[in-house]
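A short worksheet on the structure shown next.
Note: hydrogens, waters and symmetry copies are ignored here, and every other heavy atom, side chains too, is used. The structure presented is a predicted model; accordingly, all values stated were derived computationally and were not measured. Here is the naming used below: chain letters follow the sequence lines, and residue numbers restart at 1 for every chain.
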Number of protein chains: 2
Amino acid sequence: MPIPPPARSRGPKPTRVDPDQLLDAAQAVFAIDGLQGASLRAIARRAGCDPALIYYHFASKEAMFEALLDRTIGPVVTELLGLCDSRDPRSVAERLWLIVGIYHAHLGSNVGMRGLVRGEIVRGGEAIQESIAKRVFPALGAIGQLIRQGIEQGEIREDTSPLFTTFFLVRMELEILDLIPVMAPRLSGMPGDLAVALAERAWFRLFWRGIATRPEEALPFLPDIEEARP
Amino acid sequence: MPIPPPARSRGPKPTRVDPDQLLDAAQAVFAIDGLQGASLRAIARRAGCDPALIYYHFASKEAMFEALLDRTIGPVVTELLGLCDSRDPRSVAERLWLIVGIYHAHLGSNVGMRGLVRGEIVRGGEAIQESIAKRVFPALGAIGQLIRQGIEQGEIREDTSPLFTTFFLVRMELEILDLIPVMAPRLSGMPGDLAVALAERAWFRLFWRGIATRPEEALPFLPDIEEARP
DNA sequence: ACTCCAATTCAACGAGTGTTGAATTGTGCC
DNA sequence: GGCACAATTCAACACTCGTTGAATTGGAGT
């Protein structure tokens, strides 16, 4: 005698799950467990649907990762390209500081993606590395151009390598976002948010002194931050 | 009729596999697949033994990771502590540069461990985070002390935060080791090794100008590197 | 009222995982 | 020679994983 089918509800749910919600869930789970560690079942559980549904909207786990990449990196890149336009009247120093702010604004509350992207670049499985390079490297090129503008206009020292300097500026900002919130409370008892703001300002001061032709000139665009009292 | 046992060789092999060899294999596999992605079977295959043998030498996969951590980070920490001794007659600038060299020497060919440690700090599963903090943070404290020496002796600007500055110096060196070999060939066609050496020197110049009271003073201890011709 | 399709679920497959307990055997000691 | 023990392997357990094919159903269009 065959067991009677439990007859649970199949078919469409009253509340549809659209791909964006799946990406939200994926982002959250990737953030905690990493690309390898995150399971489609966990993502589905978080989105409130069946794992199989993911395959209705995305071709595979990796395709979902690429969609996620587009969604988060896209806006950053276009905003960066805007800032690096050579007709912008603001000083190069100020625009470099604004670049720090762009990364902070778009990726500040996005630990997972930062780690994933970095991890995949380092580990570098050819395929994923390529898909990241296509999206990230144009932005780096634009920042390099901005630095060259700074050199031509005499704001930045001539012995400055645009490539390395771009790398220093961007990578350190991302390192601050990634690590300071975890390390600062442990090492100094400072709350994470405050520590990040202080670190960013300290970093930019150091960075600018390192490449400027007039390092002692004031940087009026840098914000004042209330120092924490111990 | 029961199938006859294949009667392969059990018991000790002629060539013993000591724990260190297991750690070598683990390091290699962790480097490629990450902490989650690496399987004990893959490690055992590389070490030329059975997965079960790992449990004879280590309590678990995680215990093996901690042993690996000790083996690679231990020497770095002791060497760092030596350099930061306040009785060292060399200038603070030179000793900070030597710190860069120490990280390079010990971790330069050790991509896996760097990524793992960083990843675990960021992701921060309480247990592993603690086990890393205990090993890594004392070294950071020592470097902070060295920077305070520099401030007292007038080599380093007074508005320098020892904590953040330590973070900047160390993290950037590790970022160079991690990312430049992958990114430089793609972005500039420069071979990885050369790019790393150039980046380290460029970084230290920028860093030192950012914190020094006399930023224009020459740094005779910096090596000359043949520039690549395009 | 009927049809059709998009959205969803179920159930399963095969592969790979960390881990364990028992079995095996070479080596050195008495 | 006999014995204890350390080092090693085998076989299995109970999971979890990504993925797929078939089944199901609510709602839109006619």
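- Out of dT8(C), dT20(D), dT9(D), the shortest distance to the side chain of L53(A) is found at dT8(C).
- Look at D24(B) and R46(B) and you find no salt bridge, because none of the NZ, NE, NH1 or NH2 atoms lies under 4.0 Å from a carboxylate O.
- In this structure, the nucleotide among dT8(C), dT9(C), dT9(D) sitting nearest to the side chain of Y56(A) is dT8(C).
- One interatomic measurement links the two molecules: CD of Q21(A) to C1' of dT8(C), which rounds to 14 Å at whole-angstrom precision.
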Pair Q149(A), R95(A) - check side-chain hydrogen bond (donor to acceptor under 3.5 Å, both in side chains), show working. CA-CA 11 Å; Q149(A) 286 174 44; R95(A) 283 188 281 163; 3.2 Å; yes
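- Computed from coordinates, the L35(A) CG to dG18(D) C1' distance equals 13 Å when rounded to whole Å.
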Protein-nucleotides 13-17 of chain C N/O pairs closer than 3.5 Å?
unit_1: dT17(C); atom_1: OP1; unit_2: S39(B); atom_2: OG; d: 3.0

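- Minimum atom distance to the side chain of D50(B) is reached by dC10(D), of the listed dA7(C), dC10(D), dT19(D).
- dG18(D) atom C1' lies 16 Å from atom CZ of F58(A), rounded to whole Å.
- The aromatic rings of F207(B) and F204(B) sit tilted, their planes meeting at an angle between 30° and 60°.
- Look at H57(B) and you won't find any side-chain N or O under 4.0 angstrom from OP1 or OP2 of dA6(D).
- If you measure from atom OH of Y55(A) to atom P of dA11(C), you get 19 Å, rounded to the nearest angstrom.
- Ring planes of F168(A) and F164(A): parallel class, angle under 30° (limits at 30 and 60°).
- I54(A) places its CD1 atom 18 Å from the C1' atom of dA6(C), with the value rounded to the nearest Å.
- Qualifying side chain to side chain contact (heavy atoms under 4.5 Å, CB included) partners for R148(B), counting only residues two or more places apart in sequence or in other chains: Q145(B), P162(B).
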For residues 136-144 of chain A, which side-chain donor-acceptor pairs fall under 3.5 Å, sequence neighbours excluded?
none

